[in-house]
Amino acid sequence: AAGRRLDWKMAALPFLRSLPRAARPAVASSRGARRSMGGGPVDPSTLPWPDSVVRTYLRQDWQVVVGILGFYTSLYMVSKLFSSKKAVEDKPAAASGFSSDVPSVTSPEFEEWAKIPGNMAKWEASVESSMA
């Protein structure tokens, strides 16, 4: 089977050479340089100013990533620490004009409540305070 594959490649070679380079199939070559993603530590003297300072202390790529994440996390924490925004307090529900010990006129308890001496004075005071 390996010999058959080799024969096919040899037979297709003139046809492949006639195609433009972009249309040719990608073939792994043992002749070219082998490139790995990443690599080893970078020499800081070959880099421009801000990168050379960072790479002096953080030589490997993962160290740079962790340093950047730590920098932004610390900026976020400092901004939260020194923010002057106060928490929004819960506002009480709007009163209907009556104090909490005066039942609504439409409630069934109002008639019994109104029979107690002094409660009608409370009701009148609550109505006057709600009108003001």
Side-chain angles (χ1 to χ4, degrees):
R4 216 183 291 167
R5 243 185 270 145
L6 183 61
D7 293 338
W8 177 84
K9 287 183 181 178
M10 295 303 284
L13 190 59
F15 172 72
L16 291 176
R17 286 188 180 158
S18 67
L19 290 175
R21 186 163 190 82
R24 292 182 196 168
V27 178
S29 173
S30 61
R31 295 181 295 187
R34 184 175 179 146
R35 296 186 176 106
S36 302
M37 300 304 284
V42 178
D43 183 20
S45 63
T46 61
L47 298 172
W49 171 74
D51 294 332
S52 65
V53 174
V54 170
R55 287 295 183 160
T56 301
Y57 300 104
L58 308 172
R59 290 199 161 269
Q60 295 181 349
D61 292 340
W62 69 269
Q63 293 170 331
V64 174
V65 170
V66 170
I68 290 171
L69 289 174
F71 175 72
Y72 283 119
T73 303
S74 63
L75 281 180
Y76 174 75
M77 292 299 185
V78 167
S79 71
K80 284 296 184 185
L81 183 67
F82 292 114
S83 66
S84 62
K85 187 185 268 189
K86 294 182 180 178
V88 178
E89 296 179 12
D90 291 335
K91 295 182 179 179
S96 62
F98 294 105
S99 62
S100 61
D101 60 342
V102 178
S104 173
V105 177
T106 58
S107 71
E109 301 95 37
F110 183 77
E111 188 174 336
E112 292 298 320
W113 179 82
K115 291 179 182 176
I116 300 172
N119 281 350
M120 288 308 289
K122 287 183 188 178
W123 179 75
E124 289 172 2
S126 68
V127 170
E128 288 176 4
S129 66
S130 67
M131 298 297 269

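- Looking at residues two or more places apart in sequence or on another chain, you find no side chain to side chain donor-acceptor pair (under 3.5 Å) involving Thr46.
- No continuous path of ILVMFWY side-chain contacts below 4.5 Å connects Leu47 to Val64, so the two sit in separate hydrophobic clusters.
- Pro103 and Phe110 make their closest contact through O-CD1, 3.6 Å (heavy atoms, listed as atom of the first residue, atom of the second, distance).
- Residues forming a side-chain contact (heavy atoms from CB on, under 4.5 Å) with Ser45 (at least two apart in sequence, or on another chain): Asp43.
- Sorted by first and then second residue, the side-chain hydrogen bond (donor to acceptor under 3.5 Å, both in side chains) pairs involving residues 65-75 (not counting sequence neighbours) form an empty list.
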Please test Met120 against Val102 for side chain to side chain contact (heavy atoms under 4.5 Å, CB included), starting from the C-alpha separation and ending with a verdict.
CA-CA 9 Å; Met120 288 308 289; Val102 178; over 6 Å; no

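- Transitive grouping of hydrophobic side chains (ILVMFWY, heavy atoms separated by less than 4.5 Å) keeps Val54 and Val66 in distinct clusters.
- When the side chains of ILVMFWY residues are joined at heavy-atom separations under 4.5 Å, either directly or via intervening members, Leu75 and Leu58 end up in a single hydrophobic cluster.
- Among residues two or more places apart in sequence or in another chain, the side-chain contact (heavy atoms from CB on, under 4.5 Å) test is passed with Ala125 by none.
- Contacts of Lys80 classified as side-chain contact (heavy atoms from CB on, under 4.5 Å), with partners at least two apart in sequence or in another chain: Tyr76.
- Shortest non-hydrogen contact noted between Ser126 and Ser129 is O-OG, 2.9 Å.
- By the side chain to side chain donor-acceptor pair (under 3.5 Å) test, Trp62 pairs with Gln60, sequence neighbours left out.
- To the nearest 0.5 Å, atom OG of residue Ser52 and atom CH2 of residue Trp49 are 8.0 Å apart.
- Rounding to the nearest 0.5 Å places NZ of Lys115 at 5.0 Å from CD of Glu111.
- Val105 is connected to Met131 through a chain of hydrophobic side-chain contacts under 4.5 Å among Ile, Leu, Val, Met, Phe, Trp and Tyr, so both are in one cluster.
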